[in-house]
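A quick note: this is a predicted structure, and the numbers were derived from the prediction, not measured.
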Amino acid sequence: MTQLTRDTARPARETPETPEVPGTPETPVPPEAAGTAGPERRGRGLPAPLALLRPGQWPKNLLVVPLALLGGGWQAGGAARLALALGAFILASSLVYVLNDVADVERDKRHPVKRHRPLASGRMSITAAWATAGVLAALLAPALYVLGPGGALVVGAYLAVNAAYSWKLKHVPLIDVFVVATGFVLRLLGGYEATGRPAEMWLVLTVLAFCLVLILGKRRHELSVSGTGHRPALVGYSAHFLDLVLVLCSGLAVVGYLLYLRTESGFGSYAPLTVVCALLALFRYLQVVVVDGGGGEPVRTLLRDRIMLANTAVWGALLLPQLATA
């Protein structure tokens with residue numbers, strides 16, 4: 001009896017709770033973990049037609065198109081044409097975002113973050129979205145006419161690549177990251193076409209490799225915070241695999257940049273010092289992805305991270321004399 005009383009009085013052992021795994025059907029992915037929470041939240045305060053264009057993504061064009069000015073030797077009026085090419089890519093990318101949201105509206109409604117987009121949330125109708133697309137196309141047409149056949153061809157290729165991405169390719173592992181990186185390369189080629197300079201293939205390779213680093217870092221972040229439920233293509237990746245290709249692409253970016261500096265005679269004596277800046281930029285981004293668990297918003301990291309900004313300022317200061325004398 002005493003033993004029975006003692007056993008009865010003993011508190012029952014608590015069963016440990018099973019940890020929830022983000023991204024499973026039973027556990028909704030929190031907005032902070034989806035990797036795109038920042039832009040979507042900021043877009044909620046914008047008027048629906050403007051939020052549909054995703055102005056927070058426009059800096060992608062600013063980061064790539066003007067690179068065609070490096071090396072100097074552009075034709076008269078090249079800077080003005082470059083600004084026009086920049087505007088054309090902003091219009092084209094906005095058109096792609098509108099069409100993508102129209103195609104994915106039902107899927108976006110079930111996403112914890114994308115459901116706040118103008119179409120998925122009901123703030124804007126499909127008809128209004130099509131009208132917005134028509135306005136963008138009407139504005140893009142004269143810009144392409146002024147840019148000429150070469151510029152129109154590059155922007156047209158950008159639209160075609162992104163249409164294929166939205167239709168099917170974004171669900172194919174590996175192909176998805178290369179298609180996105182190709183979009184950045186086409187931006188650079190558009191800049192070269194606008195300035196009338198032949199494209200520097202080593203710079204093209206550098207941009208391709210560095211953009212792959214950014215995109216793969218984003219995929220690694222998405223995989224770690226939300227599993228494969230956030231993006232179907234993630235079933236073809238693992239953290240270890242992404243770490244391997246991140247290192248490979250980082251090395252390729254550095255080698256491409258070194259060869260670009262070697263073959264481009266227009267750079268001054270201080271240009272080789274920019275290799276240190278290139279290495280620091282890569283190391284810092286990899287630190288953000290691997291150590292800090294970030295990388296969900298690569299452009300935001302490049303434009304908001306203090307180390308990145310300071311490094312970019314030094315990088316630009318080393319290259320500015322070459323630009324001023326071009």
Side-chain angles (χ1 to χ4, degrees), residues 59-75 78-79 82-83 85-86 181 184-192 194-218 243-292 294-295 297-326:
K60 291 180 180 178
N61 303 290
L62 288 169
L63 292 173
V64 180
V65 177
L67 289 179
L69 294 176
L70 292 176
W74 57 82
Q75 298 175 355
L82 186 71
L86 185 62
F184 285 95
V185 170
L186 288 171
R187 288 176 170 101
L188 175 61
L189 295 179
Y192 274 118
T195 57
R197 298 183 60 236
E200 295 282 350
M201 288 299 102
W202 290 121
L203 182 59
V204 172
L205 174 63
T206 303
V207 169
L208 174 64
F210 185 68
C211 289
L212 283 173
V213 170
L214 298 179
I215 301 161
L216 291 167
K218 181 177 181 179
D243 288 342
L244 291 175
V245 290
L246 276 170
V247 172
L248 176 62
C249 291
S250 297
L252 186 61
V254 174
V255 171
Y257 186 63
L258 284 170
L259 291 173
Y260 170 64
L261 292 179
R262 179 179 176 84
T263 58
E264 178 50 65
S265 59
F267 285 109
S269 58
Y270 293 105
L273 296 177
T274 62
V275 176
V276 177
C277 298
L279 288 171
L280 179 57
L282 282 169
F283 288 4
R284 174 55 182 163
Y285 182 71
L286 292 176
Q287 183 184 47
V288 169
V289 172
V290 179
V291 179
D292 300 338
E297 300 177 50
V299 175
R300 183 175 175 83
T301 299
L302 296 177
L303 298 179
R304 298 293 184 90
D305 185 83
R306 293 180 179 179
I307 296 178
M308 284 287 194
L309 289 175
N311 183 57
T312 302
V314 174
W315 202 340
L318 292 171
L319 294 176
L320 187 58
Q322 180 272 328
L323 290 175
T325 56

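The CG atom of L252 lies 4.5 Å from the CG atom of L205; values are rounded to the nearest 0.5 Å. The line from CD of E297 to CZ of R304 is 9.0 Å long, rounded to the nearest 0.5 Å. With rounding to the nearest 0.5 angstrom, the CZ atom of F210 is 12.5 Å from the CG atom of L203. Of the inter-residue distances, the one linking L212 atom CG with L248 atom CG reads 9.5 Å to the nearest 0.5 angstrom. Note: L67 CG to L82 CG = 9.5 Å, rounded to the nearest 0.5 Å. Note that CG of L302 is 7.5 Å distant from OG1 of T312, once rounded to the nearest 0.5 Å.
Considering all non-hydrogen atoms of both residues, L208 and A181 come closest at CD1-CB, 3.7 Å. The nearest pair of heavy atoms linking V213 to L246 is O-CD2, 3.4 Å. Shortest non-hydrogen contact noted between C249 and A209 is O-CB, 3.6 Å.
With a 4.5 Å cut-off on side-chain heavy atoms, S250 and Y285 do not count as touching. Counting heavy atoms from C-beta outward, L188 and Y192 have side chains that approach closer than 4.5 Å.
Although no hydrogens or angles enter the test, the distance criterion places no donor-acceptor pair under 3.5 Å between the side chain of Y260 and the main chain of E200.
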Do any side-chain atoms of residues 274-284 form donor-acceptor pairs under 3.5 angstrom with protein atoms, and if so which ones, sequence neighbours left out?
from	atom 1	to	atom 2	distance (Å)
T274	OG1	Y257	OH	2.6
T274	OG1	A271	O	2.5
R284	NE	D305	OD1	3.3
R284	NE	D305	OD2	3.1
R284	NH1	Q287	OE1	2.6
R284	NH2	D305	OD1	2.7

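Remark: L303 engages P59, L63, V299 in a side-chain contact (heavy atoms from CB on, under 4.5 Å) (not counting sequence neighbours). Taking the side-chain contact (heavy atoms from CB on, under 4.5 Å) definition, one finds that L259 meets it with W202, V255, sequence neighbours left out.
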